[in-house]
Each structure stands twice: as structure tokens, then as C-alpha cells.
Amino acid sequence: MNIEDQLPMQEAQPRTEKEEKIVKDAYRLLEIFDEKEREIIISIKENRKIWEMKDSAQDGSKEGERVVQLPTLVANIESSVADQMDNMPDVQLLPEVPGGKETADAMADVLHYIFDRRNYKAIHKELMVDAHVAKACLIQTVWDEDLNDGKGDVTFSRWPIENFRWDPAFDDIQEGRACFKLAWYPKEWYLEHYPDKARYIQFGSRISGIEPDYQDGRGETITMLIEYWYRRYSAKDNRYSIHVAKLAGGALLEYSEKDSPNGIYDHGMYPFDLFTYRKIQGTPVGRSMIDDFIDVQRRANRLSHYIDENARMSARFKLLVNEASKIDREQLMDWNQEVVQVNGRPDDTQIRQLSVYQLNPQVDNHMQWLLDIIKRESGQNNSARGEFGGGITAASAIQSLQEAGTKVSRMRTVDYQQVFKSVATKVLWLAAQFYNDERVLVITGAEKNQPDKEITVDRKFIYGKPVKNRPLPAPPFTVQVVVQRSNPQRIDIENQWVLQISQMFAQNGVQVPVSSVIKMLTIPGKDRLLAAAAEIDARNDAIAQMQAAMEQAGQQLQQAQAENAALMKELQDAEKMAQGTAGSQMTQTTMPTLPSTPNDPGAYNL
């Protein structure tokens with residue numbers, strides 16, 4: 001019999017044929033999905049208890065005895081989650097059309113703005129904990145019309161995977177026939193939120209196998225709210241349209257297909273994404289770290305319990321007393337009693353102390369071996385957790401050990417990046433669909449000395465042209481995911497690389513500006529250092545200009561001196577030439593040539 005038929009309503013709800021089909025399909029599919037996934041849901045809830053250090057399946061030496069649970073597995077989960085927070089994903093956009101680089105960079109800033117406003121970093125931490133504990137974690141990316149003073153905006157919500165049902169026939173929820181979000185609310189909540197539909201709800205009704213999250217101690221009536229996400233296929237358009245309906249106690253409260261027959265979101269995808277710790281074929285959820293190591297942890301807990309029992313027994317004493325000795329037991333057990341009377345000689349025949357045998361050292365060794373297995377095989381060995389022994393102090397050796405110990409975390413990071421890419425793609429789609437009117441976003445600079453900038457974004461800005469046809473085409477950008485590294489050791493190594501490269505440039509005669517080096521470093525107070533470096537660079541530039549001017553003046557002086565020397569040489573040569581010419585003329589004037597013969601009549605005719 002259909003579940004919906006088992007839920008008599010307070011008042012018959014009038015429904016159209018389409019609405020009746022939505023209700024019947026919702027309860028029918030929920031029944032199928034829950035039956036197939038019930039064991040997984042039970043296991044997830046057990047893992048939650050283990051995470052809370054309340055493992056009900058931990059066995060002790062006596063039935064019902066509480067066993068101390070070692071925190072090794074829980075600490076490993078926290079350390080692994082910290083690794084993922086050190087590798088927070090970040091989004092970049094690449095243009096798919098010529099000349100779209102500037103728009104792609106601006107839209108990347110818009111996505112950063114949305115993630116920051118919705119405090120995604122805190123959500124990401126909860127998601128990572130769920131992935132390590134509950135087999136998978138669920139994030140929902142939707143448009144909330146109540147945000148930004150009624151203008152609406154994109155928002156995220158983390159949802160417990162145990163309150164979610166997916167199509168068990170597919171290992172990708174996007175391929176499924178439907179999926180369900182489940183929540184429980186008291187009667188007053190329905191009266192406030194659905195006053196016109198509350199009279200159709202059968203309050204307190206239950207669906208077999210689905211237990212509520214809580215039950216008020218005073219017997220308050222709570223009823224499950226079903227958020228039913230389904231899709232319709234259009235052969236004409238060759239696409240799926242996504243719809244949502246809300247039901248409670250057999251009543252249909254609302255459904256999107258009434259107002260949006262072509263789908264609530266143009267991207268045609270369910271607004272959910274699953275992060276899984278370790279993917280398992282055939283199911284969208286996987287195995288958690290608890291699933292992988294709880295058996296080893298339980299055995300270590302049991303051995304720890306044996307050691308604890310032996311220590312407690314050793315801390316107390318037990319006596320065998322012969323009744324014939326007539327020893328007063330109260331006096332014997334009272335250490336303040338200085339004298340105890342004994343009938344006869346107080347030897348081993350009268351009184352004897354029982355000794356507790358010491359545990360075999362193999363018990364402690366085996367427990368430590370099991371705990372080391374958890375650390376080592378989960379990728380959270382001592383090196384990855386920052387615990388170093390054996391006198392290791394070299395930074396390069398520490399870095400090598402940490403890199404080797406975090407291979408598993410790096411592999412998980414790659415998987416989580418792909419899921420984050422899907423989330424960022426949905427954000428981009430929603431912005432393109434619902435940013436109809438211009439909205440001005442103030443993007444705060446990453447550094448204090450960087451000015452804020454305003455981005456006016458709307459659908460025309462995103463597509464580069466007016467787009468009115470619905471459904472919208474895909475936004476013209478390719479989403480890429482990069483890692484925001486915040487691991488101190490990794491940052492230190494990268495900073496060392498920058499400094500070494502700048503030194504290599506300097507050794508080859510290429511001076512790298514101080515501000516350029518600081519920009520490449522990841523250090524606190526970078527904005528103050530950049531301001532100081534700018535002053536230093538400006539001073540160095542002024543000194544360099546002065547030196548260049550002095551060198552140029554020196555060269556000009558040398559050139560003038562050379563020209564002066566050349567002129568002086570020419571002058572000297574001219575003087576010498578002039579002196580030689582003058583001397584020759586004077587010789588010819590004062591000493592005329594005498595005739596060779598005195599008989600020449602003109603010889604003395606002067």
C-alpha cells in the first residue's frame with residue numbers, strides 16, 4: 001500500500017490531477033529510496049555517535065561495562081580536516097570568448113564576494129567533518145530571494161546526509177529520478193509558515209523506518225517536512241528541468257512547477273553536491289575515515305581497557321584471611337588502627353596477600369601498534385601532525401617527512417576540488433539567471449593598501465550582450481579551482497624559494513626590487529612592508545638617477561677634457577708651425593745670398 005494512503009488528513013485537500021501525481025510520486029519514491037538506503041543511514045548515525053566518543057558497539061570484559069575510548073581516531077579526523085582547511089579551494093574563471101579576460105576577472109571577484117558574504121569557509125569546515133565522519137557531506141546551492149533586502153542572492157547550506165535520500169539506482173545524484181531533503185518541525189511552525197494549508201496536514205504522522213531527529217520531552221507533536229526535488233525531460237529541447245515540491249503529513253504545501261513550468265533553475269541540475277571521503281562504486285556516498293579504521297580503534301580500546309583494569313587491580317590489595325585467626329576485618333582494613341589482634345601466629349597460614357600478575361608487555365606493544373596503524377594508514381602519521389623525534393631539526397628533512405605523510409590528504413584535496421568546481425559552476429549560473437537588474441558590488445581589496453573597487457554586474461555584463469531567451473545558455477567562462485595554501489611549513493618553503501631566486505638574480509647582476517620580492521612572499525603585515533619597500537625603492541631609484549646623472553656628467557667632462565686637449569695640441573702645433581715659418585723668413589732677410597763672383601756688376605747693387 002502506498003505510504004500516502006496510510007496518512008489520513010484532518011481535512012481533504014483539493015488537488016488537481018497534476019498535484020495528485022506529484023504527491024503520490026513523492027511518497028512512492030521516498031518509500032523506495034528509504035528502504036534501499038536504511039542500512040546506510042543507520043551506519044551514518046552510528047558514526048556520529050563514535051565521533052562523539054559514545055561508541056555503543058565497543059565491547060568490554062563484562063557485558064554493559066563502559067570502556068574508555070581512546071581519542072586517536074577522532075584526533076586523526078581533526079588533523080585531516082585541518083589539512084583540508086590548509087588547502088581551501090579558490091575559484092578562477094577563464095574566458096571562452098575573445099576579449100573576455102577583463103570580464104572573467106571581474107566575475108571571479110563576484111564569486112569571491114558571494115563565497116565570502118555567505119561565510120563559506122565555516123561551511124567548508126563542517127562539510128569536511130561530515131565527509132570524514134558520515135560517509136559524505138551535502139551542500140545545497142540555491143537562490144534565496146529574501147537576501148540583500150529582498151533583492152535576493154546566492155546562498156549555501158550544509159545538510160546532514162542522514163536527512164537526505166537519493167536515487168539508489170545511480171551513483172551520481174544528478175542522474176537520479178529525484179532526491180529528498182527531510183526535516184522535522186512542530187505543529188506551531190506549520191501554522192506560522194503555511195496557515196492556509198495547515199488544516200490539511202496530519203500532524204504527528206510517521207513514515208515507517210524514518211525516525212525524527214528529536215522528540216520533545218513533553219511529547220510535543222512534530223511532523224516531517226519533505227522537500228521533494230524532481231526533474232522533467234523535454235525531448236523537444238533535449239534538456240531536463242528541475243522542480244521542487246514541499247509536503248508534510250500527506251498535504252502538498254507548495255510546488256515550483258505551478259509558477260515555473262520550465263524549471264526553477266536554468267542549469268537543469270539538482271542544487272546539491274556531495275563531498276565523499278572515499279568513493280565507492282554504485283553509490284553517491286562512500287566510506288568515511290571512521291568506517292575504515294573503527295575496527296582497529298575498537299581493538300586498541302579493548303587492550304587499553306585490559307591495561308586499565310590491571311592497573312586498578314594493582315592499586316588495590318586483596319587478603320586471604322584464615323577464619324581460625326579470628327582477625328577483626330574492620331580493624332584489618334582500617335589503616336588508622338595501629339594494633340590488630342590475631343589468634344595465633346600471624347604467618348602465611350593465617351593471612352596472605354594476593355598479588356596481581358603483571359600484564360604481558362605484548363599487550364601494550366600490540367595496542368601501540370594498532371594506534372600507529374590508524375595514524376600511518378590514514379595519512380596522519382607523527383610527521384604530518386607536527387610530531388618529530390630522533391633529533392630531526394633540518395627544515396628540508398621535516399618538509400620531506402611531512403610531504404610523505406600528507407599524500408593521502410593531497411589525494412582527497414583533488415577529489416574535493418572537483419566537487420567545489422561544481423558548486424562554483426552553480427553559483428555562476430544562478431548569478432547569470434537572477435542578476436536581471438544592475439547591482440553594484442563593492443569588492444574589498446585583498447591588502448589594506450589596495451583600494452576597494454566597484455563592479456556593476458547584470459546579465460548583459462556576464463554574457464557581453466543582451467540575453468533574454470530562456471533557458472539561458474551556459475555562462476561564457478571556464479571554472480578552474482586552485483588551492484589557497486595556508487600550511488605554515490609549506491608557506492615557509494615557498495618563501496625560501498622566492499628568496500633564493502631573487503638572490504640568483506642579484507648574483508647575475510639583475511637587481512630585483514624589494515617590493516617585487518615582498519609581493520611574492522606570503523607573510524603577515526605585507527601591506528606595511530610593501531609601503532616601506534615602496535619608499536626604499538623610490539629612494540633607491542632617486543640614488544640610481546643621481547648616480548646615472550653623475551656618470552653622464554663625468555663622461556661629458558672626460559669628453560670635454562679630451563676635446564680641450566685636442567684643441568691645445570692643435571694650438572701648440574699651429575704655434576710651432578708659425579714659429580718655424582717666421583724664423584725662415586728672418587734668415588732670408590738678414591743674410592742675403594752673395595754673388596759667387598766679385599766681377600759681377602750687379603753683385604753689390606742693393
Side-chain angles (χ1 to χ4, degrees), residues 94-95 98-106 109 395-396 445-454 491-606:
L94 301 180
K101 179 66 168 61
E102 184 177 350
T103 304
D105 292 341
D109 287 337
S396 58
E447 301 291 342
K448 290 183 179 179
N449 61 335
Q450 292 182 351
D452 297 344
K453 63 179 179 180
E454 294 184 355
I491 291 173
D492 182 63
I493 294 297
E494 292 178 352
N495 288 341
Q496 292 296 329
W497 290 344
V498 172
L499 296 176
Q500 291 175 7
I501 291 173
S502 62
Q503 290 174 0
M504 290 172 56
F505 277 109
Q507 291 172 359
N508 287 275
V510 180
Q511 189 66 33
V512 181
V514 177
S515 58
S516 298
V517 176
I518 295 176
K519 287 178 181 178
M520 292 185 288
L521 295 174
T522 304
I523 52 177
K526 181 188 290 188
D527 54 334
R528 297 192 301 272
L529 291 175
L530 282 173
E535 295 180 2
I536 295 174
D537 288 341
R539 190 181 303 118
N540 291 338
D541 291 342
I543 293 174
Q545 291 176 2
M546 293 175 61
Q547 290 176 344
M550 292 175 63
E551 290 178 0
Q552 184 178 4
Q555 292 175 358
Q556 292 175 352
L557 177 61
Q558 291 178 357
Q559 184 178 359
Q561 290 175 345
E563 292 176 353
N564 186 36
L567 291 173
M568 290 296 295
K569 186 175 184 305
E570 291 179 1
L571 180 60
Q572 291 174 357
D573 291 343
E575 289 178 351
K576 290 180 180 180
M577 185 179 295
Q579 291 176 359
T581 303
S584 175
Q585 291 177 352
M586 288 179 65
T587 302
Q588 293 178 2
T589 303
T590 58
M591 296 182 64
T593 304
L594 297 178
S596 59
T597 343
N599 297 324
D600 185 354
Y604 301 103
N605 246 347
L606 300 175

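Interatomic distance, Met568 CE to Glu575 CD, rounded to the nearest 0.5 Å: 8.0 Å. Going from atom CD of Gln572 over to atom CD of Glu570 covers 11.0 Å, rounded to the nearest 0.5 Å. One distance of note links NZ of Lys101 with CG of Asp105; it measures 3.5 Å at 0.5 Å rounding. To the nearest 0.5 angstrom, Gln559 atom CD is 11.0 Å from Gln561 atom CD. Rounding to the nearest 0.5 Å places CZ of Arg539 at 11.0 Å from CG of Asp541.
Atom CD of Glu102 sits in a sparse spot, with 12 or fewer heavy atoms from other residues, nucleotides or ligands closer than 6.0 Å.
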